[in-house]
Amino acid sequence: MTITFSPPAAASIDEAIHHKAAAGGNIEAAGRAIATLSAVLSGDADYDKILLRAAAGAGKSYALVRMVEAALNHSNCTRVGVTAFANKQVFPLAGELGEKLGAARVCLFVAANRLPEVPREVLDHVSVATSTGGIPRTCEVVLGTSHKMGAWGEGQRFLDHLGPAANADLPYDVLFVDEAWQLPLHRYAMVEGLAPLSVGVGDVGQLPPIDPGQNPWRGDPGYNPYRAWPTAYEDHDSTFAVDLPAVWRPTASQLPLWRAFYSDWDRLDCVAAPGDRTVELPDLAGAAGAIWASVATGTPTLLEVGGLADPEAADVDPPLLGVIEDLLTPLVENEFTVVRRRYDGAGSPQDEVRTSSAAPSGDPLIVVLATRNQAVDDATALVERLTDKYGLPDGVLLASTVDSWQGQTNAITVAIHPLSGADHLDEFNSAFGRLAVTCTRATHGLLMVARAGLDDLLSEAPARPGTPLGEPGTRSLPRQTHQRILATFSRATLNAAASAA
């Protein structure tokens, strides 16, 4: 069968910069945030919020660690708190800071029933406390979730046990919030009073833990406790905000897709240059050969499938998953290799790392993403069948919901487009964060699969408001934004009925 691809309509990266030149933009932006932090601690600036905004894969955790070190090196800072919404965000950050600063200076403050979940590589580098009284007084960094740090009366317990920090009133001089755009305003309100200065670092396109789409406080459109907390402060005179202008995760060919999501930024570049990330494929024939050859270029690829039996629901689609299984089968039954260029902290290219599907390590090689739990149950069954049939090692093939996979990274993403099979745009299938997370997990290749008809859906959908990077208001994407995103994909069509015949 012949598959004809149409090239991306918006794929130019001629003006992009890469390697050290791109990474330097992030270093400069983080440097501005650090200079502002120092000025606040010195009393030379009057900000109470510093926001370091990032796109997906911008290296924001690296920037946060730099800022924590800079704060602790200031004479007017003796203790900082670090928080986030979930333990899966706090644990790796605790490990990084503990490795940098030493276990005597870094305490992971964790609920007792969560202690068994802490990875050994984290425990080896931090002090651990499950109650306030267990925090060593030598610790200058205390990390915990917003629920743990913001528990009722915790602020006073910190003061009673640790005493005030250099500011003489509050237990911490600076409160750092990782993945800040995932923390809702009502949760931030429980930890805000722990320090006179909050520093929020995160991806503005992440899905919040609670749907912020509707604002029940209609009398005050500027207030919504369920939206991400930085959006309540970004325009305040007391807030300093800066964007990280480069991303480390995507291939150079994926950059137009990233730019489509962050279209109102002044610029966005990527550290990876053309050729830095490649996929070495086995000999593949037919539709699978054509599709994987496209994915291996690094350019986002959209396959639209017609002639399928009806789905159970728009987002529960075994026939479409059957097409994905047919495409995956010849790839996983043969050995393939992903190759990536490593970089130093400044973005200069170093050696190559080769990872074979016969001996995977690090990030998963292929992850199948879907939106609803039922769809992921079906995708998990697909993964289990292929894993058992071909004896695949751990790390070759996984399945997950989009929501659960945010913050994770993999080499190749195979995803069902949230609009596949839909007859209209709604709050769920058109959510900015859900589509952004779907499209921005992959370091090497992205294959989006959908039932045929996306263009017709978007051309016929009624106009609707959309403010994907602004609040208050809906974060659902209008049809024009969907069209701009799809224009960055290499596109192909497949008639399943003709293929079966």
Heavy-atom closest contact ([X] atom, [Y] atom, distance):
X	Y	value
Leu435	Pro418	CD1-CD, 3.8 Å
Ile416	Met448	C-SD, 4.1 Å
Thr251	Gly298	OG1-O, 3.2 Å

Problem set entry | Summary of ring pair (Phe, Tyr, Trp, His ring centres under 6.0 Å) pairs that have at least one residue in residues 353-394, sequence neighbours excluded | none
For this session: Show your working on salt bridge (charged side-chain N to carboxylate O under 4.0 Å, His left out) between Glu325 and Lys389 and close with a plain yes or no.
Result: CA-CA 12 Å; Glu325 185 167 359; Lys389 183 175 181 179; over 6 Å; no
Problem set entry | More than 12 heavy atoms of other groups within 6.0 Å of Asp235 CG | no
Exercise. Ignoring hydrogens and geometry, is there a side-chain-to-backbone donor-acceptor pair from Arg341 to Ala272 under 3.5 Å?
Worked result: no
Exercise. Is a side-chain donor or acceptor of Asn26 paired with a backbone partner of Ala246 at a separation under 3.5 angstrom?
Worked result: yes
Problem set entry | CA sep, side-chain torsions, deciding dist, call: Arg249, Asp363, salt bridge (charged side-chain N to carboxylate O under 4.0 Å, His left out) | CA-CA 12 Å; Arg249 182 179 302 154; Asp363 292 334; over 6 Å; no
Between [X] and [Y]: side-chain donor-acceptor atoms closer than 3.5 Å:
X	Y	answer
Thr443	Arg340	no
Tyr343	Asp276	yes
Glu179	Gln406	no

Problem set entry | Cation over ring face, Arg372 and Phe428, 6.0 Å, 45° | yes
Exercise. Hey, are Arg479 and Asp455 close enough for a salt bridge, meaning a charged N less than 4.0 Å from a carboxylate O?
Worked result: no
